[in-house]
Amino acid sequence: MSKSIGTETTAKVESLPQGKMISYWSVTILLAAAVMLSGIGQLMQFGGNVELVKKTGYPLYILTILGIWKVLGSIALVLPGFPRLKEWVHAGIFFLMTGAALSHAFASDYGNYGFNIILPLSYAALNIASWALRPKSRML
C-alpha cells in the first residue's frame, strides 16, 4: 500500500514542473508576441499610435525609441540564455507598461471603457506572471 502512495506522490511531483513550464512558455510567448506587435506598430506609426502619443503630450520620436526597445526586448525574452538580460527586459516592460497607464491617466485619456489604462496594465500583469513562472535556468 505504501508503494502505491509513493508512486502517486512521485508522479504528481514530476508533473508539476512540466505544468509550470507549459504555463511559463504560454505566458511568455503571449507577452513577447504582444510586445513585438506593439513595437512594430509603433515603429511603423500604425493605427492610433500617433493619436495616443499626441494626447499624452509626448513627442512623436518617442514611438521610434519605444518601438526599437520593445522589438529587442521581445526577442530577448524568448532567446535561450542571458538570464541577466531577461531580468532587465522584465523590469523594462514593467516600467514601460505601468508608465504608459499612468501617462494616460494623468492626461485624462482613458479610452473607451478605460482601454488605454487596462491594456498596458494587463501587459504588466502578463510580465509579472512570466517573471514569476520562469524556470531556474532563466534565473540569476
Backbone N or O of L31 within a donor-acceptor pair of the N127 side chain at under 3.5 Å? no

List the steps and the verdict of side-chain contact (heavy atoms from CB on, under 4.5 Å) for W131 and E87. CA-CA 8 Å; W131 179 83; E87 290 284 331; 3.2 Å; yes

In sequence, state the C-alpha distance, the side-chain angles, and the governing distance for K70 and L37, and then conclude on side-chain contact (heavy atoms from CB on, under 4.5 Å). CA-CA 9 Å; K70 283 182 176 183; L37 291 173; over 6 Å; no

Between R138 and L79 the two heavy atoms that sit nearest each other are NH2-O, 3.5 Å

Closest contact, heavy atoms only, V71 versus G39: CG2-C, 4.1 Å

W25, CH2: over 12 other non-hydrogen atoms inside 6.0 angstrom: yes

Tell me whether L102 is reachable from L126 by hopping between hydrophobic residues (I, L, V, M, F, W, Y) whose side-chain heavy atoms are closer than 4.5 Å. no

Would you please test L52 and H104 for side-chain contact (heavy atoms from CB on, under 4.5 Å) and show each step? CA-CA 8 Å; L52 288 175; H104 287 290; 3.7 Å; yes

In the single-linkage hydrophobic clustering (I, L, V, M, F, W, Y; side-chain heavy atoms under 4.5 Å), do L43 and L63 co-cluster? no

Would I62 end up clustered with M44 when hydrophobic side chains under 4.5 Å apart are linked, directly or stepwise? no

Where the side chain of K86 meets the backbone of L140, is there a donor-acceptor pair that is under 3.5 Å apart? no

For Y123 and S38, does a side-chain donor sit closer than 3.5 Å to a side-chain acceptor? no

Would a 4.5 Å heavy-atom cut-off, applied to side chains only, mark M21 and P135 as touching? yes

Between I117 and Y110, is a side-chain contact (heavy atoms from CB on, under 4.5 Å) present by the stated rule, with each step listed? CA-CA 6 Å; I117 294 174; Y110 304 107; 3.0 Å; yes

